[in-house]
Protein chains: 2
Amino acid sequence: MIAIGEASRLSGVSIETIRYYEREGIVSKAGRTASGRRAYSDTEISELRFIKRCRDLGFSIPDVVALRDLADAPNNSCKTVEGLGRKHLAEVRTKLKELRQLEKALSELVSNCANGKSDCPMLDALRAS
Amino acid sequence: MIAIGEASRLSGVSIETIRYYEREGIVSKAGRTASGRRAYSDTEISELRFIKRCRDLGFSIPDVVALRDLADAPNNSCKTVEGLGRKHLAEVRTKLKELRQLEKALSELVSNCANGKSDCPMLDALRAS
DNA sequence: CTTGCTTCTGTAGTTACTACAGGATGCATA
DNA sequence: TATGCATCCTGTAGTAACTACAGAAGCAAG
């Protein structure tokens, strides 16, 4: 049996976050030792790592839960998984587009600063009133 | 004098958010009509639009406040403004890089789904246990 | 005078954690 | 056996920047 600190190290999920997941019912309640400490099995570590991987990919907690439930479901789940993946990919691409525009606007704003003018072109642009 | 609804329309900042900004001291308290309703001047609308523009560029509220204070300061502010701009630009570029990697990983994951296999390659990849 | 839109205050909820405080337990060493 | 340090426990509150009500009151038109 694995204590929570070790579970954290093995999964990459912080101790506080593991307890948070349990409180919120995102993972089921861990077993306890005689003295009341949480004890984890290899399976539970795998589940935490699954969650970690999904979170790193930017999936929301509800999406991660859906994905995990699909992973346990018998079959026919692949289409649903693909759907979730594509939906999320579309969101990521939207965000990317926004960030690219933002990068462009910001870098233009900042490059104007380099001229050492007495007034501030960046502030003027932000004012644009 | 402009009522809050009109101020919202003119600035693009929602009514609730305008009140929130006032509560938090992000903008100074608006004047009131005899019956207690908020009344805005053109200057205040401009300030709201300045804030909106900065927020749309992804600046945090503290950064926006700093930027606005610099905009009101006498001079020597341009360098500070540029510093804030460059700092934020660096953050945006970091975020962009992360999102690009994420997009790559996700699109690979999802493209595997297209093969109509009986098991789910995306779930397998997420498991990777 | 009624109808419907706008505004008011105050409070609570959102997302996904993170950060304590204050106390108990486990283990290794002197 | 004592002690000291790491680890763990619960419970609560804080984070960023809003958003969403509820319930009451004001305003303008027909």
Side-chain angles (χ1 to χ4, degrees), chain A residues 1-27 29-40 44-45 47-68 87-88 91-92 95 98 102, chain B residues 1-27 29-40 44-45 47-68 87-88 91-92 95 98 102:
Chain A
M1 285 300 169
I2 301 158
I4 196 169
E6 184 68 0
S8 169
R9 250 165 273 126
L10 291 171
S11 65
V13 180
S14 83
I15 291 179
E16 301 283 6
T17 300
I18 294 175
R19 290 200 275 242
Y20 163 76
Y21 285 167
E22 182 180 317
R23 259 200 320 279
E24 297 299 306
I26 293 157
V27 300
K29 295 200 174 186
R32 299 295 179 120
T33 68
S35 65
R37 295 184 169 200
R38 289 174 182 81
Y40 296 90
E44 288 166 315
I45 305 298
E47 192 187 349
L48 287 172
R49 291 208 289 159
F50 177 86
I51 295 176
K52 180 70 164 63
R53 242 175 252 122
C54 292
R55 293 289 300 130
D56 286 348
L57 285 168
F59 284 97
S60 70
I61 288 287
D63 277 1
V64 174
V65 169
L67 247 18
R68 190 211 39 202
K87 189 195 80 185
H88 182 47
E91 288 162 7
V92 166
K95 189 74 191 166
E98 287 168 8
L102 211 152
Chain B
M1 285 300 169
I2 301 157
I4 196 168
E6 184 69 0
S8 170
R9 249 164 274 127
L10 292 170
S11 65
V13 180
S14 83
I15 292 179
E16 301 283 5
T17 300
I18 294 175
R19 290 200 275 243
Y20 163 75
Y21 284 167
E22 182 180 316
R23 260 200 319 279
E24 297 299 305
I26 293 157
V27 301
K29 295 199 172 187
R32 299 294 181 121
T33 67
S35 67
R37 296 185 168 199
R38 289 174 182 80
Y40 296 89
E44 289 166 314
I45 305 298
E47 193 187 349
L48 286 172
R49 290 209 287 159
F50 178 87
I51 294 176
K52 182 69 164 63
R53 243 175 254 122
C54 294
R55 293 290 299 132
D56 286 349
L57 286 168
F59 285 97
S60 70
I61 289 287
D63 277 2
V64 174
V65 169
L67 247 18
R68 190 209 40 202
K87 189 194 80 183
H88 181 49
E91 289 162 5
V92 167
K95 188 77 191 164
E98 288 168 6
L102 211 152

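Below, each value reflects all heavy atoms present in this structure, side chains not excepted, and no hydrogens, waters or symmetry copies. Chain A is the first sequence line, chain B the second, and so forth, proteins listed ahead of strands; every chain is numbered from 1. Predicted, not measured: the structure shown is a model, and the values here were computed from it.
Residue B:Arg37 has no polar side-chain atom (N or O) positioned under 4.0 Å from OP1 or OP2 of D:dC27. Between B:Ser35 and the phosphate of D:dC27, there is a side-chain N or O to OP1/OP2 separation shorter than 4.0 Å.
In terms of heavy atoms, B:Arg49 sits closest to B:Leu10 at CD-O, 3.2 Å. Here the closest non-hydrogen pair linking B:Tyr20 and B:Ile26 is CE2-CD1, 4.3 Å. Of all non-hydrogen atoms in A:Val92 and B:Leu102, the two that sit nearest each other are CG2-CD2, 3.7 Å. The minimum heavy-atom distance between B:Cys54 and B:Leu67, with the atom names listed, is SG-CD2, 4.1 Å.
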Where do N or O atoms of nucleotides 13-17 of chain D meet protein N or O atoms at under 3.5 Å, pair by pair?
from   : atom 1 : to      : atom 2 : distance (Å)
D:dA17 : OP1    : B:Ile61 : N      : 3.4
D:dA17 : O3'    : B:Arg55 : NH2    : 3.4

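Between B:Ser14 and A:Ala3, the residue anchored nearer the 5' end of DNA chain D, judged by the nucleotide with its closest heavy atom, is A:Ala3.
Counting non-hydrogen atoms under 4.0 angstrom, B:Arg38 reaches the backbone sugars and phosphates but no base.
Qualifying side-chain hydrogen bond (donor to acceptor under 3.5 Å, both in side chains) partners for B:Lys87, counting only residues two or more places apart in sequence or in other chains: B:Asp63. For A:Arg37, the side-chain contact (heavy atoms from CB on, under 4.5 Å) test picks out A:Thr33, A:Ser35, with sequence neighbours left out. B:Phe59 pairs by the ring pair (Phe, Tyr, Trp, His ring centres under 6.0 Å) definition with B:His88, not counting sequence neighbours.
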Notebook entry, point to check: Pairing of DNA chain C as dot-bracket, 5' to 3': ( ) intra-strand, [ ] crossing, | other strand, . unpaired, with Watson-Crick or G-U pairs under 3.5 Å?
Noted result: ||||||||||||||||||||||||||||||
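If you walk DNA chain C from 5' to 3' and mark each nucleotide with an atom closer than 4.0 Å to a heavy atom of chain B, the marks span C:dT6 to C:dT9.
At a threshold of 4.0 Å, the pair B:Arg19-B:Glu22 does not count as salt-bridged, since none of the basic side-chain nitrogens sits closer than that to a carboxylate oxygen.
A donor-acceptor contact under 3.5 Å links the side chain of B:Glu16 to the base of D:dC21.
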